[in-house]
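Heavy-atom basis, side chains included; hydrogens, waters and symmetry copies ignored.
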Amino acid sequence: MFVYNEKYVSKKEGYYYSCPWIEHGLVFFSCKLAMCCHCGHHDSDNHTLIRNNYVGQKINWDRIFKIKDMFRRFHKKGKINTTCVGCPYLKEDKWNNDRYIDNLYISHWTNCNSKCTYCFATQHPEEFSGKKLYNVLPIVKEMYDNGILRAGGIISFGGGEPTLLDEFEDLVTYFLDNYFWGIRVHTSGILYSPALARAINEIRGYVVVSVDSGSREIFKKIKQVDCYDKVRETIRKYALQTTFLGRYLVSAKYIIIPGVNDTKEEIEKWLTANYNAGLYTTVIDIEETWYLEHRDNIPSHIFELIQYAKKRAKQLNTNFELYERLQNLFEDEKAKHKTLLGLLKNKIK
């Protein structure tokens, strides 16, 4: 559904609100094709849906690009797809309307080697028990051979554990052999990937390992598998592939889970382990379900934890990153403080 929203009306000639995924993106889910994975939830059809009940059938590319053209027509009039409203990727720009894909996300959600307590698949196993896995590599080759898939955007892997896919090594190798870059992989780190190691070594791949802990005990509590030492070894091996120019390409992620790992002591252990492994990027996120329930009333100690991690990362001379929802959270807090200051000034007057 598209609804007029004055906030997204561009006053610049030739400009309109859109995002790289609407314009040139495609996501392979286990049961559908979508433009992006940032809208809605796994149990809904709000992922800017292109085709439902998809299990590898031949794709009608003309139809896909016509759907993207429809989004453009509405967005140019300030009529925004309701699932896009408020998305941090939506921005005003003079977009290129050519028909091609350069942002690709392979998100299978069919198999994993951990059972993270915060994961939707762990919480709702029935949602994924009937999902059918299909091969993406033949489709990728068809896209590339026909000029539909171009380098220049991002090739992402996520959803379940990517390295468990039978074709993961072949997919990454194909992208590398055909001069793609920006290969981003979210992984548990339990299984080491030679192809991903090559991508890192060639400064064309970026790996995010969600460790979420600085100790074996907390890791096991969150992941429900006893693989902390194995994950740390995988991280170390990936880090050894980096050069000075590529030293930020391997990162350990920490998802703050209130009541489980939200302590300075655990974050300190995590940061120290990252530093000892040779990592130069610290990534902080927050558990999604808890965040959505508490967004308007976040306890102060969560902000203090994030500030602590940021300060320590700086002291260790490493890069610090916040995931999108935490960036939005801090922007919301800034807006609240500005409003409060304005009210106080008016009251003083």
**Request:** State whether the number of non-hydrogen atoms from other residues, nucleotides or ligands found under 6.0 Å of Lys310 atom NZ is greater than 12.
**Result:** no
**Request:** Would you give the length of the straight line joining atom OH of Tyr254 to atom CG of Leu271, rounded to the nearest 0.5 angstrom?
**Result:** 9.0 Å
**Prompt:** If you take all heavy atoms of Val231 and Ser188, which pair is closest and at what distance?
**Reply:** CG2-O, 3.5 Å
**Message:** Do the side chains of Lys66 and Asp69 get close enough for a salt bridge, i.e. N-O under 4.0 angstrom?
**Reply:** no
**Fill in**
Of all heavy-atom pairs linking Ile200 and Leu249, the shortest is O-CD1, 3.9 Å
Under 3.5 Å, sequence neighbours excluded: what are the donor-acceptor pairs made by side chains of residues 136-159?
residue : atom : partner : partner atom : Å
Glu142  : OE2  : Trp61   : NE1          : 3.4
Asn146  : ND2  : Glu142  : O            : 3.0

**Fill in**
Tested for side-chain contact (heavy atoms from CB on, under 4.5 Å) against Ile50, the lone hit among Val27, Ile59, Ile67, Asn60 is Ile67
**Message:** Quick check with a 6.0 Å cut-off and a 45 degree axis cone: is Lys311 positioned over the face of Tyr308's six-membered ring?
**Reply:** no
**Asked** Under the ring-ring contact (aromatic ring centres under 6.0 Å, His included) test, which residues partner Tyr248, sequence neighbours left out?
**Response** none
**Message:** Could you check whether Lys79 makes a cation-pi contact with Phe74, meaning its NZ or CZ is under 6.0 Å from the centre of the six-membered ring and within 45° of the ring axis?
**Reply:** no
**Prompt:** Short question: side chain of Glu169, backbone of Leu165 - any donor-acceptor pair under 3.5 Å?
**Reply:** no
**Item:** Arg247 charged N/C atom sitting above Tyr280 aromatic ring, 6.0 Å / 45°
**Value:** yes
**Prompt:** How about Asn97 and Glu23: do any of their side-chain heavy atoms sit closer than 4.5 Å?
**Reply:** yes
**Asked** Considering the options Lys253, Lys223, Lys220, Lys221, which one meets the salt bridge (charged side-chain N to carboxylate O under 4.0 Å, His left out) requirement together with Asp212?
**Response** Lys223
**Item:** Carboxylate-amine/guanidinium contact Lys230 Glu233, below 4.0 Å
**Value:** no
**Request:** With the side chain counted from C-beta on, respond yes when Ile218 and Tyr228 share a heavy-atom pair under 4.5 Å apart, and no when they do not.
**Result:** no
**Message:** Can you tell me how far apart OH (Tyr16) and NE2 (His75) are? Round to the nearest 0.5 Å.
**Reply:** 9.5 Å
**Message:** Using the side-chain contact (heavy atoms from CB on, under 4.5 Å) definition, which of the options Ile255, Thr117, Val211 pairs with Ile222?
**Reply:** Thr117
**Item:** Tyr8: partners by ring-ring contact (aromatic ring centres under 6.0 Å, His included), with sequence neighbours left out
**Value:** Tyr17
